[in-house]
Amino acid sequence: VSHPSAPDAGALAHQDGRPLASITWIGAAIGAVGLAASLASSSKADFYFSWLVAYLYFLSIALGALFFVLVLFVCQAGWSVTLRRVVENVMATLPVFAVLFLPIWVGRHELFAWTDAAEVAKSAVLRGKSGYLNEGFFAVRAIFYFIAWGGLAAYFSAQSQKQDQSGDERITRRLQAVAAPGIIVFSLTVTMASVDWIMSLDPEWYSTMFGVYYFAGSLLSAFAFIVVAIAFIQSRGLLRGIVTTEHVHDIGKLLFAFVVFWTYIAFCQYFLIWYGNLPEETSYFMHRSHGGWPSVAKVLAVGHFAIPFFFLMPRAIKRSRPLLVTGALWLLAMHFMDLYWCVIPVHREAWAHLRISDVTTMLAVGGFFLATLGWVSSRRALVPLRDPRLAESMSFENV
Amino acid sequence: MGLLSPSLPSGETYGVLAEFASPKDLYQACERVRDAGYTRWDAHSPFPVHGLDHAMGLGRSRLPYVTLFFGLCGAIGGFALQLWANGIAYPLVVSGKPLFNWQPYIPITFELGVLLAAISTVVGMLAFNELPMLFHPLFGSRAFERVTDDAFFISIESWDPKFNATETERFLTSIGATHVELVRRTPQAEAS
């Protein structure tokens, strides 16, 4: 009979993130090369739009991790404690996204038509929205998002580390109490950020589902990234026997669930717009109905739903590390296609292939994201060493 | 005996019932019975014992395949029903939309897929467990009445290829049973 046993102090003592420090330098180098290549090789508009996709992509992973941590505390989850520090580290990269936002602010006139006073004057709709869509308020909101996300991430990260030293159970209760209002703050800010940074690219269009659409993709990509990150960390000899097949199996279930959730939301948005058939709503899909974009939609329907849905369904696949990592990498690629489909058609009428800036900006933002993640991870234990539910988590088994 | 009792092969003896003192004894006894190569047997406990399925060497349930099959039937059937009704049997133009269009069929397709998957899971679970079952030969044992209270049992059925009444009773005693008895197929009428 497996009862929660005392954590194996010997195994836990070696769960230090220092061996991951090399990622910091590798990531920074990739980021610097990517940034230089992006600036050297592409037109201004290409650069800003590609940067926006890359930025939203890695931001969604970090935001998904933040939400996952908040939910784990609200639910008083026991199973997940051994892998929570990995999620916390992904979440703790959020402050750096305030810096990575700068190109979007600098390129706002290339990206957002509503920043052009002449455009606004021409359109009654844009004049009506100008109380919200104006540069000053846009900047204030962005600063507010970064304070909210960075603050939540820094607070949870610091408190969790503090518990490594003190083992104080009150920290767990305090974080649990903060997590519930934290989720409210999270959902409002993420919804508004997706309106500001994606929906307002097409300022006359609106969809009331857009916030949850970005949220669904964000959680999906976070789970996929966590699967890959754990596999990578274990390939370096860390977390072995601590994060087990049982834990990864559960992340696989969440991955599967969010494949369905993303599809549900994506279809609902499309379906309601299709059914209502109102010109101010259909423009989004009209715009994407020609010039090669329909084939991107088909890739998303098959690759972001049908294939991963059936692939991730069997238990055996979720419990096989190589197969689950394959599925996760596939979904990470599909999530890029998804954001690409949301952003790029505003800029390019026709789609034929990725442009060089699409790749280089991914390297740039991805490199800086990984550098931050490596730096954060290398400065703390990879397991919440004295979390009161650690023993429960280590003996966790799926029934 | 009818629908509400288990379908069992013929024979006078149902099997051997052995009582164990604690969940721990039951767990260890299950491992021994499993390792001894018995296949037609069961463990009985007033509450779920964590990990007992491993100790008994039980495989995975076939239930998910039932769920998948009926889920797909529901989804495909739901889609086909609408296609036939709206597109063929009673073509009707609604709000200027084409007669054949997959978009409005998806909610019903989804709902019927979920509905049949859910119902078939519940019904399939009952069917695999042969429930509802109002009578079982083990109810003939006086000792077995405490199975919903504080007693733990292993029963080995007489049609197990390895079954031999004396040998099996001796084996169960050797692995720590506190009480072993032979259970008949039909309970003997008590002398009153």
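First the proteins, then the strands, lettered A, B, ... as listed; each starts at 1.
- With a threshold of 4.5 angstrom between heavy atoms, B:P64 does not approach chain A through any atom at all.
- A:M313 CE: more than 12 foreign heavy atoms inside a 6.0 Å radius.
- Counting heavy atoms of neighbouring residues, nucleotides and ligands inside a 6.0 Å radius, atom CH2 of B:W159 exceeds 12 of them.
- For B:N101, the part lying near chain A is the side chain, with the backbone staying farther off; criterion is any non-hydrogen pair under 4.5 Å.
- In B:F128, the CZ atom is crowded: over 12 heavy atoms of neighbouring residues, nucleotides or ligands sit closer than 6.0 Å.
- If you tally non-hydrogen atom pairs under 4.5 Å between each of B:A55, B:S95, B:G96, B:P104 and chain A, the highest count goes to B:P104.
- Shown here is B:F47, whose CZ atom has more than 12 heavy atoms of other residues, nucleotides or ligands within 6.0 Å.
- Proximity to chain B among residues 245-282 of chain A is limited to A:Y264, A:F267, A:Y270, A:F271, A:W274, A:Y275, A:N277, judged by heavy-atom separations below 4.5 angstrom.
- Interface remark: B:L68 contributes side-chain atoms only to the contact with chain A (heavy atom separation under 4.5 Å).
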